[in-house]
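Residue indices begin at 1 and follow the sequence shown. Heavy atoms only: backbone and side chains are in, while hydrogens, waters and symmetry mates are out.
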Amino acid sequence: TEPFPVVKKAAQVLKQLVGRGRAQFRQLFSGNRSRSEIVATFLALLELCRMKSVRIEEQSNGESTVTFLQMPQEQMTDEEAAE
């Protein structure tokens, strides 16, 4: 199967978070249809953290929350996402 593009997944994650401001980490994986899409979601979250666009925090109940901070200052390319 074709790998799911990380850049596309990052845009989807940002769209979800901009509207809500915050989401449960697990929620961002719901609706993923393939292993490739799950991996793309995880890589997108890592890249968005690196760009200081989101923050992942562990809550007292053991769940993790992803919080939107700002739109990325730099553009993420497909090549960067693949690294």
| said: How about CZ on Phe42, more than 12 heavy atoms from neighbouring residues, nucleotides or ligands closer than 6.0 Å, or not? | reply: no
Here the gap from Ser36 atom OG to Lys9 atom NZ, rounded to the nearest 0.5 Å, amounts to 10.0 Å
d(Glu63 CD, Gln27 CD) to nearest 0.5 Å is 10.0 Å
Note to self: Please check this pair: side chain of Thr65 against backbone of Ala23, looking for a donor-acceptor N/O pair closer than 3.5 Å.
What the structure shows: no
* **Sub-4.5 Å side-chain heavy-atom contact between Phe68 and Leu14** => yes
Between Arg22 and Thr67 the two heavy atoms that sit nearest each other are NE-OG1, 3.4 Å
Interatomic distance, OG@Ser64 vs CD@Gln59, rounded to 0.5 Å, equals 7.5 Å
Pair Gln12, Lys15: side-chain N/O donor-acceptor within cut-off below 3.5 Å = no
Is Leu28 reachable from Leu69 through a run of I, L, V, M, F, W or Y residues, each pair having side-chain heavy atoms under 4.5 Å apart?
no
d(Leu43 CG, Leu48 CG) to nearest 0.5 Å is 11.0 Å
What one should report as the nearest heavy-atom pair of Ile38 and Asn32 is CA-ND2, 3.5 Å
Exercise for review: Treating Ile, Leu, Val, Met, Phe, Trp and Tyr as nodes and any side-chain heavy-atom pair under 4.5 angstrom as an edge, say whether Val54 and Phe29 lie in one connected cluster.
Suggested key: yes
What one should report as the nearest heavy-atom pair of Phe25 and Val66 is CD1-CG2, 3.8 Å
dist Met71:CE -> Ser53:OG (nearest 0.5 Å) comes out at 7.5 Å
Rounded to the nearest 0.5 Å, the CE atom of Met51 sits from the CG atom of Leu46 at a distance of 11.0 Å
